Amino acid sequence: MFLLIAILSVSTQSRLLILATHYHPDHIGLVSELQKMGIKLLLIDTQCDYVHFADAIFKREKHLRYEPIGEKDTTIIGCDESRDFLADLGIEGEIIQTASHSEDSISVILDSGECMVGDLEPMEYLGAYEENIALQNDWKLVMSYHPKAIYYAHANEKYFA
């Protein structure tokens with residue numbers, strides 16, 4: 001998530017956006033804080049029903065002082081619109097749905113070869129998931145873009161020659 005923020009902040013200068021790969025607690029805990037700093041939320045339409053998925057979890061932990069994500073100044077786009085939207089920001093790439101981890105999971109693929117996949121199970125483990133056709137299909141889709149580097153949320157990045 002923070003890698004994408006850095007890419008977007010460098011590329012857009014005056015328009016900071018945050019995009020979560022999915023709305024599990026370990027990926028969105030700071031979103032409302034970033035919104036308070038003026039960073040706008042970019043939401044993919046398939047994520048709309050999941051934005052507040054973690055609210056009840058965080059609410060139980062009073063010491064966290066979590067505030068739910070605000071949807072007031074949110075930009076909502078579909079994956080099919082993402083290439084044009086990102087191009088308007090000066091970013092060459094697109095956002096694709098990779099829902100084998102969770103229905104709201106997305107990946108960001110940049111034309112320069114970088115790919116942020118969030119919690120998509122690392123491709124090295126595919127053999128352990130032979131029955132998971134959705135995961136296999138997600139990786140086929142990601143690899144069809146011929147990435148040079150894959151950045152995972154909870155694993156080391158992978159580089160391709």
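Residues take their numbers from the sequence shown, with the count starting at 1. On a predicted model such as this, the values are computed, not experimentally measured, just so you know.
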Do Thr98 and Ser107 have side-chain atoms, one donor and one acceptor, less than 3.5 Å apart?
-> yes
Side-chain donor-acceptor contact under 3.5 Å, Glu94 with Tyr145 = yes
Applying side-chain contact (heavy atoms from CB on, under 4.5 Å), run through Leu120 and Ser100 and close with a yes or a no.
-> CA-CA 7 Å; Leu120 194 59; Ser100 61; 3.2 Å; yes
Could you work out, with ring pair (Phe, Tyr, Trp, His ring centres under 6.0 Å) as the rule, every residue matching [X], not counting sequence neighbours?
X: Phe53; value: His24
X: Tyr66; value: Phe58
X: His154; value: His27
X: Tyr50; value: none

For the backbone of [Y] and the side chain of [X], can you confirm whether one donor and one acceptor N or O come within less than 3.5 Å of each other?
X: Glu157; Y: Tyr152; result: no
X: Trp139; Y: Ala134; result: no
X: Gln35; Y: Gly70; result: yes
X: Glu33; Y: Leu30; result: no

Dump the intermediate steps for side-chain contact (heavy atoms from CB on, under 4.5 Å) on Ile95 and Leu86, then the final yes or no.
-> CA-CA 9 Å; Ile95 300 164; Leu86 293 173; 4.1 Å; yes
Spatial distance of atom [atom1] ([X]) from atom [atom2] ([Y]) [nearest 0.5 Å]:
X: Leu64; Y: Lys59; atom1: CG; atom2: NZ; result: 14.0 Å
X: Ile44; Y: Ser105; atom1: CD1; atom2: OG; result: 12.0 Å
X: Lys140; Y: Leu126; atom1: NZ; atom2: CG; result: 10.0 Å

Would His22 and Ile106 count as a side-chain contact (heavy atoms from CB on, under 4.5 Å) if you check the C-alpha gap in whole Å, the side-chain angles of each, and the deciding distance to 0.1 Å?
-> CA-CA 7 Å; His22 60 290; Ile106 54 98; over 6 Å; no
Charged N to carboxylate O under 4.0 angstrom, Lys148 versus Asp111?
-> no
Which residues, ordered by chain and number, are linked to Ile133 in its hydrophobic cluster, where ILVMFWY side chains connect at heavy-atom gaps below 4.5 Å, directly or through other members?
-> none
Could you state whether [X] and [Y] fall into the same hydrophobic cluster, counting links through intermediate Ile, Leu, Val, Met, Phe, Trp or Tyr residues with side-chain heavy atoms under 4.5 angstrom apart?
X: Val51; Y: Leu34; answer: yes
X: Ile57; Y: Val31; answer: no
X: Tyr151; Y: Tyr125; answer: no
X: Val142; Y: Tyr129; answer: yes

Considering non-hydrogen atoms only, spot the tightest contact between [X] and [Y] and give its length.
X: Met143; Y: Ile150; value: SD-CD1, 4.2 Å
X: Ile39; Y: Ile18; value: CG2-N, 3.7 Å
X: Ser82; Y: Ile77; value: CA-CD1, 3.7 Å
X: Ala54; Y: Ile28; value: CB-CD1, 3.9 Å
X: Tyr23; Y: Asp104; value: N-OD2, 2.7 Å

Determine whether more than 12 heavy atoms belonging to other residues, nucleotides or ligands lie under 6.0 Å from atom CD of Glu131.
-> no
Heavy-atom neighbours of Glu71 CD exceed 12 at 6.0 Å = yes
Tell me, please, which residues at least two apart from Ile76 pass side-chain contact (heavy atoms from CB on, under 4.5 Å).
-> Leu43, Asp45, Cys48, Thr74
Apply side-chain contact (heavy atoms from CB on, under 4.5 Å) to the pair Phe160 and Lys158, showing each step before the final yes or no.
-> CA-CA 7 Å; Phe160 300 92; Lys158 179 170 180 63; 3.6 Å; yes
